[in-house]
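Comments concern the structure below.
For the single chain, residues carry numbers from 1 onward in sequence order. Quick note: numbers below take in every heavy atom, side chains included, and nothing from hydrogens, waters or symmetry partners.
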Amino acid sequence: MRVALAGAALIGGYVSVTQSLGYVLRNQDPVRAHALSPRDGRITAQYGNEIISDPELTPADRQRAKALALRALRQDPTSVTAASVLGLSHQIDGKVESARRLFGYAQRLSRRELQVQIWAIEDAVARGDIPGILKHYDIALRTSRNAPDLLFPILAAAIADPDVRGEVVKTLSNAPAWGGAFMSYVAVNGADPRSAAALLTGLRRRSITLPVDASASVINGLIAAGFADEAWRYYAMVRPGSVRRQSRDPRFSTMLETPTLLDWTLFNDGNVTSSIQRGDNGGFLEFAAPPSVGGPILRQMQLLPPGDYRLSGYSRGIEQTASSVPYWTLTCQADGREFGRVDVPNSSQGAGAFGGTFRIPPDCPVQALTLIARPSGTMLGLAGELRHVQLVPAR
């Protein structure tokens, strides 16, 4: 009796080990897994799924996959993969209603299988059911780690359609876990920055909080793509009170985690350094450069209409020879044409005030206002502060 029990235990142990090994191998090597554990419905279903997923699927292969799926369902009626494989087989046969029933059964069993949600998305697309499409996008993106890599690019392209975009806004208004990541993805990777801007605008109108980098990416993308008017409309929405005919934030009072090209952009290249500090009346720009080193310090993109403009401001702490003082330049973003320079003289002169004029021609819709450090010949190099600067139409 003891020998029999020992033998039974040995056999039971062998079966347990082969089943466990088969389950471990089901994704990496479903053929071997099925050979090790042919009675496990989960493994049988995965074997069938491996066959039907082959891009070179033959009719004979499909029949084999179908047979495996049926066997898997007999072995385990709760196998989502088996129901999915059988549904795909019926779909290939043109039995759409039968496929829908099978995938509906798979949905009731579990909403975590990406393949089931992908089929549901494609079925909703075929029926023109946009809310249904977004419903299954939402389920897939909530339940599958792999879904964003597959679905974000498709959904980002689809928002060019106003109807789809409207449904995406509704879906994101419910604050799904994937919402912030998708907003950032669209802002950075969207093929059409205008569609991305329209999506984020719709979300802002619903008081949805956007990722800090999303608006900056959209505005910069619109400028880079040549959509200056759209860039300004979006910027004016996120920076209320901004005036297009003049530069912005003259007292450096806005401390932004992610500035846009239309805000002050600081340069810190390891040589020239700059930072915005809080002050008693707003803020101020602090900058420095070592001896014999020059380069850009600060920049703000402009979308000014053609005409004459005056730059004015005042500094502190600048003490250089006349040939080494920093200067402002206004250039055309498209081709680099320079519309003039305005020196920032030593702060001891005229209480640190500076000023000058620029003329913008009709053929340059986007300009760059830049503060540039000239190489300094002093032992301490260049250092100073800007307390105010503004570019406005000349009167």
Side-chain angles (χ1 to χ4, degrees), residues 156 159-160 162 165 168-169 172 180 182-267 274 276 282-283 285 296 298-307 309 311 313 328 330-334 339 358 360 362-371 386 388-393:
I159 63 170
R165 187 165 63 245
V168 173
V169 168
L172 294 179
F182 179 69
M183 294 178 215
S184 295
Y185 179 90
V186 167
V188 175
N189 302 296
D192 180 9
R194 291 173 297 184
S195 297
L199 176 72
L200 298 188
T201 298
L203 291 168
R204 282 186 61 87
R205 287 172 179 165
R206 287 179 171 245
S207 300
I208 303 302
T209 301
L210 305 179
V212 293
D213 61 338
S215 289
S217 296
V218 164
I219 291 168
N220 296 347
L222 287 167
I223 292 173
F227 303 123
D229 292 339
E230 290 90 336
W232 178 258
R233 282 196 293 271
Y234 190 92
Y235 182 84
M237 179 183 68
V238 299
R239 304 277 193 274
S242 299
V243 179
R244 183 167 179 172
R245 290 182 62 86
Q246 64 186 46
S247 62
R248 293 153 297 285
D249 195 16
R251 295 186 181 277
F252 305 101
S253 58
T254 305
M255 306 291 180
L256 298 171
E257 183 177 343
T258 308
T260 75
L261 292 174
L262 296 175
D263 299 304
W264 290 120
T265 301
L266 306 176
F267 289 85
S274 59
I276 293 177
L285 175 76
L298 180 73
R299 178 172 295 156
Q300 188 181 98
M301 205 75 75
Q302 310 295 325
L303 304 176
L304 302 170
Y309 293 84
L311 180 74
W328 288 96
L330 187 68
T331 57
C332 186
Q333 180 66 16
F339 303 133
F358 301 102
I360 300 176
D363 62 345
C364 182
V366 181
Q367 312 89 31
L369 178 66
T370 308
L371 176 65
L386 282 183
H388 183 276
V389 61
Q390 190 164 34
L391 183 65
V392 298

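- Proximity of a side-chain donor or acceptor of Gln300 to a complementary backbone N or O of Leu298 within less than 3.5 Å is not detected.
- Atom CZ of Arg251 and atom CD1 of Ile276 lie 14.5 Å apart (nearest 0.5 Å).
- For the side chain to side chain donor-acceptor pair (under 3.5 Å) condition, the pairs that include at least one residue of residues 219-232, sequence neighbours left out, are Asp229-Arg244.
- Remark: side-chain polar atoms of Gln390 are not paired, donor with acceptor, to backbone N or O of Gln246 under 3.5 angstrom.
- Side-chain atoms of Ser217 never come within 3.5 Å of backbone atoms of Ala187 as a donor-acceptor pair (strictly under, hydrogens ignored).
- For the residue pair Thr201 / Tyr234, no side-chain donor-acceptor distance below 3.5 Å is found, with atom types taken as modelled.
- In this structure, the side chain of Arg245 does not engage the main chain of Pro393 through any donor-acceptor pair within 3.5 Å.
- Side-chain contact check for Leu266 versus Leu285: some heavy-atom pair is nearer than 4.5 Å.
- The closest donor-acceptor contact from the side chain of Ser242 to the backbone of Ala236 lies at 3.5 Å or more, if one exists at all.
- In this structure, Arg239 pairs ionically with Asp263, as a charged nitrogen and a carboxylate oxygen lie closer than 4.0 Å.
- At least one side-chain heavy atom of Ser184 sits less than 4.5 Å from a side-chain heavy atom of Asp213.
- Residues Val389 and Trp328 have side chains in contact (heavy-atom distance under 4.5 Å, counting atoms from C-beta outward).
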